[in-house]
Amino acid sequence: MATEKNLKEAFAGESQANRMYLAFAQKAESDGFPQIAKLFRAAATAETVHAHAHFHVMGGTKDTAGNLQAAINGEGYEFEKMYPAFLSEAEREKNAAATVSFRNAMAVEKIHRDLYSEALETLKKGKDLPGQDIYVCEVCGNTVYGNPKDKCTVCGAQYTKFTKVQ
């Protein structure tokens, strides 16, 4: 059906625009243009509103168990199939930057899959995860419970590169 295809395409486009505008905002901020950065962040927020609306219409959100299973499946696909193929091509083309980017993402997607699996097992017992801080490495996306005290286990970045998730 054309509308379903269009919703999926619109969701993907709006999602990508959100990420792109946030990257543009970071660059504008670092270039000394805080108001332009704010404009990019505002547009990114609007794109998220659009993406969520399309996703909702597609029936993309299930109950928490279903959402966790979808996340497990998606992360599993990424680190088992998608990123290995991308990594292989980047290595064949001798694109060192893409190789590092794909290798880091592949490692972190496995971590995410494992974290989601743990969360699903906890949910099946009728519980939430224990209250603890979660940190994300700004270099590779590694996601860890508790305050990181050493280098990132994926990319080797210093612990100061981790951001606490609010």
*Asks:* Among residues at least two apart in sequence or on other chains, which ones pass side chain to side chain contact (heavy atoms under 4.5 Å, CB included) with S117?
*Replies:*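 By the side chain to side chain contact (heavy atoms under 4.5 Å, CB included) rule, S117 matches I72, R113.
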*Asks:* For a side chain to side chain contact (heavy atoms under 4.5 Å, CB included) check, start with the C-alpha distance between T99 and L87, then their side-chain angles and the critical distance, and finish with the verdict.
*Replies:* CA-CA 6 Å; T99 296; L87 181 59; 3.6 Å; yes
*Asks:* Identify all side-chain donor-acceptor contacts of residues 119-132 below 3.5 Å with residues at least two apart in sequence or on another chain.
*Replies:*
residue: T122; atom: OG1; partner: E118; partner atom: O; Å: 3.0

*Asks:* Do V108 and L115 land in one hydrophobic cluster if side-chain heavy atoms of ILVMFWY residues count as linked below 4.5 Å?
*Replies:*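 They do share one cluster, since a chain of ILVMFWY contacts under 4.5 Å joins V108 to L115.
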*Asks:* Is the number of heavy atoms from other residues, nucleotides or ligands under 6.0 Å of E80 CD greater than 12?
*Replies:*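 Atom CD in E80 is packed in, count exceeds 12.
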*Asks:* Check ring-ring contact (aromatic ring centres under 6.0 Å, His included) between Y116 and all other residues, then give those that pass, not counting sequence neighbours.
*Replies:*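 If we apply the ring-ring contact (aromatic ring centres under 6.0 Å, His included) test to Y116, skipping adjacent residues, there are no hits.
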*Asks:* Taking side chain to side chain contact (heavy atoms under 4.5 Å, CB included) as the definition, give me every residue that meets it alongside A37, ordered by chain and number, with sequence neighbours left out.
*Replies:*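 By the side chain to side chain contact (heavy atoms under 4.5 Å, CB included) rule, A37 matches A25, A28, E29, R41.
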*Asks:* Do any side-chain atoms of residues 53-62 form donor-acceptor pairs under 3.5 angstrom with protein atoms, and if so which ones, sequence neighbours left out?
*Replies:*
residue: K62; atom: NZ; partner: G59; partner atom: O; Å: 2.6

*Asks:* I need the L68 CG to D63 CG distance, nearest 0.5 Å.
*Replies:*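 If we round to the nearest 0.5 Å, L68:CG and D63:CG are 9.0 Å apart.
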*Asks:* Under 30°, 30 to 60°, or over 60°: which ring-plane class applies to F24 and F40, parallel, tilted or perpendicular?
*Replies:*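 The rings of F24 and F40 stand perpendicular, inter-plane angle above 60°.
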*Asks:* Measuring from D133:CG to Q166:CD, what's the distance to the nearest 0.5 Å?
*Replies:*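 Those atoms lie 8.5 Å apart.
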*Asks:* How far apart are the closest heavy atoms of F79 and K110, and which atoms are they?
*Replies:*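 Looks like CD2-CA, 3.5 Å.
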*Asks:* Can you name the side chain to side chain donor-acceptor pair (under 3.5 Å) partners of N73, sequence neighbours left out?
*Replies:*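 Partners of N73 under the side chain to side chain donor-acceptor pair (under 3.5 Å) test: Q69.
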*Asks:* If you measure from OH on Y135 to OG1 on T143, what distance do you get to the nearest 0.5 Å?
*Replies:*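 Nearest 0.5 Å value for the OH-OG1 distance: 13.5 Å.
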*Asks:* Quick check: is Y21 connected to F33 through a chain of hydrophobic side chains (ILVMFWY, heavy atoms under 4.5 Å apart)?
*Replies:*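 Yes, same cluster.
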*Asks:* Tell me whether S88 contacts the main-chain N or O of P84 through its side chain, where contact means a donor paired with an acceptor under 3.5 Å.
*Replies:*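 Such a contact is absent between S88 side chain and P84 backbone.
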*Asks:* Counting heavy atoms not belonging to F86, are there more than 12 under 6.0 Å from its CZ?
*Replies:*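 Open: at most 12 neighbouring heavy atoms sit under 6.0 Å from CZ of F86.
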*Asks:* For residues 146-162, dump all side-chain donor-acceptor pairs below 3.5 Å to protein atoms at least two apart in sequence or in another chain.
*Replies:*
residue: K149; atom: NZ; partner: N147; partner atom: O; Å: 3.3
residue: T153; atom: OG1; partner: N142; partner atom: ND2; Å: 3.2

*Asks:* With a cut-off of 6.0 Å (strictly less than), are more than 12 heavy atoms of other residues, nucleotides or ligands near CD of E4?
*Replies:*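 It does not: E4 CD has 12 such atoms or fewer within range.
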*Asks:* Under the rule for salt bridge (charged side-chain N to carboxylate O under 4.0 Å, His left out), what residues qualify as partners of D31, not counting sequence neighbours?
*Replies:*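 Residues passing salt bridge (charged side-chain N to carboxylate O under 4.0 Å, His left out) with D31: K27.
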*Asks:* Restricting to side chain to side chain contact (heavy atoms under 4.5 Å, CB included), what partner residues turn up for K81, sequence neighbours left out?
*Replies:*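 For K81 the side chain to side chain contact (heavy atoms under 4.5 Å, CB included) partners, ignoring immediate neighbours, are Y77.
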*Asks:* Which residue pairs pass the salt bridge (Lys or Arg N to Asp or Glu O under 4.0 Å) test when at least one of the two sits in residues 134-146, sequence neighbours left out?
*Replies:*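 Sorted pair list comes back empty.
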*Asks:* Please name all residues satisfying side chain to side chain donor-acceptor pair (under 3.5 Å) with E89, sequence neighbours left out, ordered by chain then number.
*Replies:*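 Residues passing side chain to side chain donor-acceptor pair (under 3.5 Å) with E89: none at all.
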*Asks:* What residues form a side chain to side chain contact (heavy atoms under 4.5 Å, CB included) with T48, not counting sequence neighbours?
*Replies:*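 Only N18, H52 meet the side chain to side chain contact (heavy atoms under 4.5 Å, CB included) criterion with T48.
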*Asks:* Please report the interatomic distance CD1(I111) to SG(C140), rounded to the nearest 0.5 Å.
*Replies:*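 Between atom CD1 of I111 and atom SG of C140 there are 7.5 Å.
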